[in-house]
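For reference, the structure discussed in these notes is given below.
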Amino acid sequence: MSRRNRQAFDTLSRDLVLRATDRMETLRSMVERADSDRRETWERTLDRLRGLNNRAIARIEAAHLADDDAWPFARAQADQAMMDLMRALDDFDGHLRLIAA
């Protein structure tokens, strides 16, 4: 059971990282096209998102490398890091779309 859980986590994590990377690329493209005095602020936000993405990837890797006893805690940290990243992506995406509309 534990092996299946870990494999499912690895697959889901890989998919979430790919989705987050695609979304960040889309957001970066939107910021680059924007003619706004807020562009510098938005670029800082993109940098923060890249930091959250790096943190999530590091937590996922730590969970992948964790032994069986530490795995539940490492997975919880990775799940939280991914939720933080997705929430931040949603917030920034919504903000950009409101301004672009």
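The structure presented is a predicted model; accordingly, all values stated were derived computationally and were not measured.
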Worksheet entry | Side-chain touch H95/W42, heavy atoms, less than 4.5 angstrom | yes

Worksheet item: Which value, rounded to the nearest 0.5 Å, describes the distance between R38 atom CZ and L96 atom CG?
Response: 10.0 Å

Response to the item:
When every non-hydrogen atom of R39 is compared with those of V31, the smallest separation belongs to NE-O, 3.7 Å

Worksheet item: Roughly how far apart are E43 CD and L46 CG, rounded to 0.5 Å?
Response: 7.0 Å

Worksheet item: How far does CG of L89 sit from OG1 of T26, to the nearest 0.5 angstrom?
Response: 10.0 Å

Worksheet item: Heavy-atom count around E40 CD within 6.0 Å, excluding the residue itself: above 12?
Response: no

Practice prompt. Could you list all the side chain to side chain donor-acceptor pair (under 3.5 Å) pairs where at least one residue sits in residues 64-76, not counting sequence neighbours?
Written response: R6-D68, D10-H64, R75-D79

Fill in: CA sep, side-chain torsions, deciding dist, call: M24, R28, side-chain contact (heavy atoms from CB on, under 4.5 Å)
CA-CA 6 Å; M24 286 192 313; R28 184 194 57 75; over 6 Å; no

Worksheet entry | Salt bridge present between D47 and R50 (N-O < 4.0 angstrom) | yes

Discussion item. Salt bridge check, R97 against D93: does any charged N sit closer than 4.0 Å to a carboxylate O?
Written reply: yes

Worksheet item: Among the clusters formed by ILVMFWY side chains lying less than 4.5 Å apart, do L16 and M83 turn up in the same one?
Response: no

Worksheet item: For R48, which residues count as a salt bridge (charged side-chain N to carboxylate O under 4.0 Å, His left out) partner, sequence neighbours excluded?
Response: none

Worksheet item: S29 side chain to E25 main-chain N or O, any donor-acceptor pair under 3.5 Å?
Response: no

Item to complete: To the nearest 0.5 Å, tell me how far M82 CE sits from R19 CZ.
Response: 8.0 Å

Worksheet entry | Nearest non-hydrogen partners of D84 and L52, listed with the distance | O-CD1, 4.3 Å

Worksheet item: What is the distance from atom OG1 of T21 to atom CG of N53, rounded to the nearest 0.5 Å?
Response: 5.0 Å

Item to complete: Give the minimum heavy-atom separation between A63 and A74, together with the two atoms involved.
Response: CA-CB, 3.6 Å

Worksheet item: Are I60 and R14 close enough, and set up right, to give a side-chain contact (heavy atoms from CB on, under 4.5 Å), and what steps lead you there?
Response: CA-CA 9 Å; I60 290 166; R14 184 179 56 246; over 6 Å; no

